[in-house]
Amino acid sequence: MEAALLSGFIKTILPKLFSLVQEKYKLHKVLKGDIKFLEKELRMIAVTIDDQILLGREDHGALLSLSMEELRELAHQIEDCIDRFLYHVTREQQASLFRRTITSPKTLRSRQRLAAEVQLLRKIPEEAHQREKRYRVFAGLSSSRQAESSYCSSGSDPHTPKADLVGIDGPRDELVQQLTEEPEDLAKQLKVISIVGIHGSGKTVLAREVYESDVGRQFSLRAWISATGRGPREVLMEILRKFGRPVVDNFSVDQLTVDVREHLDKKRYFIVIDDMQTDQWSSIEAAFPQDNVVSSRVMVTTTIQSVANARSSSNGYVHRTKRLGDKDSEQLFVRKACPKKYLGYMQPESKEVLKKCDGQPLALVSMGQFLRKKGWPTGPNCEDVCRNLSHHLEQDETLERMRRVLLHSFSSLPGHGPKACLLYFGMFPCDHPIRRKRLMRRWLAEGFVETQPSSTENFNTLIDRNIIEPIGMCNNDQVKTCKTYGMMREFILLMSTSQDFITLFAGNKVEHKYVRRLSLHHNIATSGSCSSLDINLSLVRSLIVFGEAGKAILSFQKYQLLRVLDLEQCTDLEDEHLKDICNLLLLKYLSLGETVASIPKDIEKLKLLETLDLRRTKVKILPIEVLLLPCLLHLFGEFQLSDKVKITSEVQKFFLTEQSSLETLAGFVTDGCLGFPQIISHMKNLRKLKIWIERSEKNTNFTDLVNAIQKFIHDDKEESNDPRSLSLHFDACTENILSSLKAPSYLRSLKLKGKLLELPQFVISMRGLRELCLSSTKLTAGLLAALSVLKDLQHLKLIADELEDFIIEDKAFPGLLHLCFVLEGATLPTIEEGALPYLISLKLICKDLVGLAGMKINHLKCLKEVILDHRVTSETRETWEKAAKEHPNRPKLLLFNPVDESESVPGDSSLASTTAEREAMETFPTPDGALQEDNIQILVKQISSAAPEKLNNSEPISKDELNSSFNNMGFSEGKLGLTELSIVQNGKVSSYTH
């Protein structure tokens, strides 16, 4: 694992090292030779590491003669040497002719310094080789490989004691039902059932419970197969062995497939394949007769979502494991932590532990066993344990199984890229929602990936393997925000800090003098504690601040090699700091927060800047110099150009010669005057455009703006399929702009916000439109009818105060997959049979929705989920539950609740819902003993009668008054099934723990 990280890192710096020998740097011939020597040396080291990893060995010190720590230090020193030289060269290139003449000796010194550093670096591997020859000591890479190899099993233990099985009844019964239930058109066919979830979530235990159930035992042939570390051939051989069939070792997959198929033909079988981690199903699927007339079942457990989807794509079912609720989590943890003789003693304060375990059964069991081992109740308390959890996770044998599971999740990631991208999550605070696109742009700036598609692929890999979890979703069902879950975050912190990958402030101290990526969380670092820090800020590549940074950290003249600077949530950044920020010549990513009001013209020095995010700032006027940055790809904010800006010949030349790299401009405010409308026509790479249109007294002519938009949406003869996106916000006085836009046009995504009485003609005739969001006070029946014929449309979101009566007729919306209504009024369209033939998701965000509101969903044959506003009444929820159960697909019913806004940006109105809230609100049967909704209503009435004046006056209710209300209802502590209650009083939330 450590080796794979290092090998990947070496490969990322090799191109930079090779670039130094290019003629433009004018290096001496001897220096070029030294650089080429280092390049060959590093390339050989990387190849050797990769070869040994493939062989499953890590004792290759005889080949490398360098320890892991020495190799990492060598790679870091080479990268530092390269970046320092590039920094000085960039500064020299930006100097005026006069300054270059004056400072030419410095230029010479920078090359001399590079030559001296390269000479020293060259000696490191040579000296190590001589040391190995003298002593024959294998200073090999860490001896952890043997331990690691043993860790790389899934850690599954299907034989969990019955006492440890909590919260399993509902999921087990659901899956047992899948063993017998099937649609009429698929009766008697093979059904593949997939159980998917993160490692340690109880997949194997759940599958074992179904396998050993009364229904599971009714099959004439049964087999439990472990796929851990096995390929398709080994899986098929194991199936034959379990059925007592002879196995020929040299048989191919095809021959084994025939043998298995012949044995299973016309027999009713139930086979569980546990821990399938690769796409083996396509290789072994033919071994299982599909139409064997006896309703056979295959159940697969996996951590990979795409694997589960592939197995259950036709006649199948996918069950996603869910976290245990607070009550079940506490029950399982206490059961493991507290010896039986202390059952009458007070229970441990488990809040922090439960937060770390995040409802994962394996984590709860492991932490409970650890606390018991430490001698509860006389040993350390839960808070002390959680404070040093990373250390315990690394060292303590009680947590070995947990460590093994986490390590397997990490080491099974393909290549260096996904591993580095995952470790980068350690830069963010615990439970902090992270914007997907923000994260991917930072990966690019850091050099973890080289292209946007690679960044997307790595993100999707982490989501697909359930290593990170989505929190908020965009309109097109793409992940908008995400986070890591409890124990995985602890593992990420352990790995990233131990490998010097990131450095966090902990207890007002930094553990390493040489810091490469620095993250400050929520006022931990203050001007007093940071002023005496013994760290070299000149080597920092990435800095992110949450809260107050302090003067020492914000002294940007100390930095040289910074590539990523995220100060969105830094509270003590000031405009005066930007002068020094503009001297960070290697900067690629810059994000600023609400304390910034203006951008200096010196920003023109940041020639390598790729992303500038000003959405949280108060910047209203953008200097033209920003648009002239040659590498700038993404520009965010809500600004306009100054009235005094002059479109000089230099500016004209920059745009006319198509030097602009800008792909995202989101966005600018315009009244049609000179400025952005004239410039964007020359941005040939522009793919995403957001515009706020305002009418002003000094200008009523929007011809230039219309022409610019028309050019952006124009559909050329080549019919390109680039991901072009347009967002227009307009007022009632500028709506005629839409009618001025003409066909042919092409967009992938379109958002229109303003007064819309009819659908613009250019939208009706638009090619390739997949995503559409319309926001207006009123949406008419004519507009909706025009929408229904858009054949390319896949995602539609409609936001309105009022929706006219409308019938979605047969064959309407032929390609729509996701439909979302956000309404003030409770009027919904009527759906005729044959309409929306492929709709998967239906979102109805309306707090005043009553019942089904005339909407029938039985005709929606592909429907998988219905999402309602969490504020709807219990009667409405029950009505939709009933409709979902009567639907052939039994779609999930979820409740929408807005996501935490800590990662939202102004003007971002896309819907999002938290995974935890959605899972908790799914309509599964209520467990025995849990608090029913009627009791909650009674409780609120009791509280109202107990303290009516406080509810009316917005005064907080005391805990004693709350407990009194509990007791008056006949509830005693521990029997209520409610651990925490939040009461909203005039918009303020009070939380009570019981």
Side-chain angles (χ1 to χ4, degrees), residues 153-160 164-182 190-213 215-217 219 222-228 230 235 239 269-281 284-285 288 296-325 328 358-363 365 405 408-409 412 463-467 469 485 864-865 889-890 892 915 918-919 922 924:
S153 64
S154 69
S156 300
D157 182 8
H159 304 291
T160 302
D164 290 350
L165 301 180
V166 298
I168 202 171
D169 294 348
R172 181 198 58 217
D173 295 345
E174 174 191 340
L175 290 173
V176 166
Q177 191 173 13
Q178 291 298 322
L179 297 183
T180 56
E181 185 182 80
E182 53 193 338
L190 171 69
K191 176 184 280 190
V192 181
I193 303 166
S194 295
I195 305 176
V196 61
I198 64 174
H199 284 301
S201 61
K203 303 180 299 298
T204 301
V205 173
L206 177 57
R208 176 64 71 175
E209 283 290 294
V210 177
Y211 184 75
E212 299 293 353
S213 66
V215 175
R217 291 178 178 275
F219 291 81
R222 300 193 319 139
W224 179 281
I225 309 296
S226 175
T228 303
R230 288 174 170 160
V235 169
I239 292 174
Y269 57 87
F270 178 25
I271 299 174
V272 177
I273 305 177
D274 183 38
D275 196 31
M276 191 177 283
Q277 293 300 308
T278 59
D279 189 16
Q280 300 170 350
W281 184 251
I284 67 175
E285 181 178 12
F288 306 101
S296 294
R297 297 291 183 262
V298 173
M299 179 173 285
V300 173
T301 72
T302 180
T303 60
I304 305 176
Q305 188 67 47
S306 58
V307 169
N309 295 341
R311 281 140 189 69
S312 307
S313 56
S314 53
N315 181 28
Y317 183 81
V318 177
H319 173 84
R320 185 178 180 86
T321 57
K322 301 169 185 65
R323 291 171 173 75
L324 295 177
D328 288 334
D358 212 7
Q360 303 303 330
L362 177 58
V365 170
V405 163
H408 177 65
S409 296
S412 63
I463 287 287
D464 187 42
R465 290 173 179 258
N466 288 285
I467 294 176
E469 58 180 341
Y485 63 91
K864 293 183 179 179
E865 67 175 20
N889 292 351
R890 298 187 67 178
K892 294 180 179 179
T915 303
R918 287 171 55 158
E919 289 180 349
E922 290 188 24
F924 293 112

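- If you take CZ on F288 and CD1 on I273, they are separated by 4.5 Å, rounding to the nearest 0.5 Å.
- Of the charged side-chain nitrogens involved, none lies within less than 4.0 Å of a carboxylate oxygen, so that E174 and R890 do not count as a salt-bridged pair.
- Proximity of I284 to M276: side-chain heavy atoms (C-beta onward) are separated by under 4.5 Å at one or more points.
- Looking only at atom types and distance, the side chain of Q305 has a donor-acceptor partner in the side chain of R320 under 3.5 Å away.
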Next on the checklist: Evaluate V210 against H319 for side-chain contact (heavy atoms from CB on, under 4.5 Å), listing each step before the verdict.
Outcome noted: CA-CA 13 Å; V210 177; H319 173 84; over 6 Å; no
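- Counting heavy atoms from C-beta outward, T204 and D275 have side chains that stay 4.5 Å or more apart.
- Residue I168 holds its CD1 atom at 9.0 Å from CG of L324, rounded to the nearest 0.5 Å.
- A donor-acceptor pair under 3.5 Å is formed between the side chain of R217 and the backbone N or O of E212.
- With sequence neighbours excluded, the residues satisfying ring-ring contact (aromatic ring centres under 6.0 Å, His included) with Y211 are W224, F270.
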Checklist entry - Does the pair L175 and Y317 meet the rule for a side-chain contact (heavy atoms from CB on, under 4.5 Å), with working shown? => result CA-CA 9 Å; L175 290 173; Y317 183 81; 4.1 Å; yes
Next on the checklist: Apply side-chain contact (heavy atoms from CB on, under 4.5 Å) to residues I193 and L179 and explain how you reach the verdict.
Outcome noted: CA-CA 9 Å; I193 303 166; L179 297 183; 3.9 Å; yes
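- Taking 4.5 Å as the limit, every side-chain heavy atom of Q178 sits out of range of all side-chain heavy atoms of V215.
- Here the straight-line distance linking atom CG of D173 with atom CD of E209 works out to 10.0 Å at 0.5 Å rounding.
- In terms of modelled atom types and a separation under 3.5 Å, the side chain of S194 and the main chain of V318 share no donor-acceptor contact.
- The two atoms that bring Y269 and L190 nearest to each other are OH-CD1, 3.6 Å, heavy atoms only.
- Taking NZ from K191 and OG1 from T180, the interatomic distance works out to 8.0 Å, rounded to the nearest 0.5 Å.
- Under the 3.5 Å distance criterion, with hydrogens and angles disregarded, no donor-acceptor pair is assigned to the side chains of T303 and N466.
- A search for salt bridge (charged side-chain N to carboxylate O under 4.0 Å, His left out) contacts involving D464 returns nothing, not counting sequence neighbours.
- Residue V405 comes nearest to G200 through the heavy atom pair CG1-N, 4.2 Å, listed as atom of the first residue, atom of the second, then distance.
- I304 and T302 get closest at one heavy-atom pair: N-OG1, 3.1 Å.
- Shortest non-hydrogen contact noted between T321 and K203 is CG2-CG, 3.7 Å.
- The nearest pair of heavy atoms linking H199 to S409 is CD2-OG, 2.8 Å.
- A pairwise comparison of heavy atoms in A207 and T301 identifies CB-CG2, 3.7 Å as the closest pair.
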Checklist entry - Is there a side-chain contact (heavy atoms from CB on, under 4.5 Å) between V192 and W281 once you walk through the steps? => result CA-CA 11 Å; V192 181; W281 184 251; 3.6 Å; yes
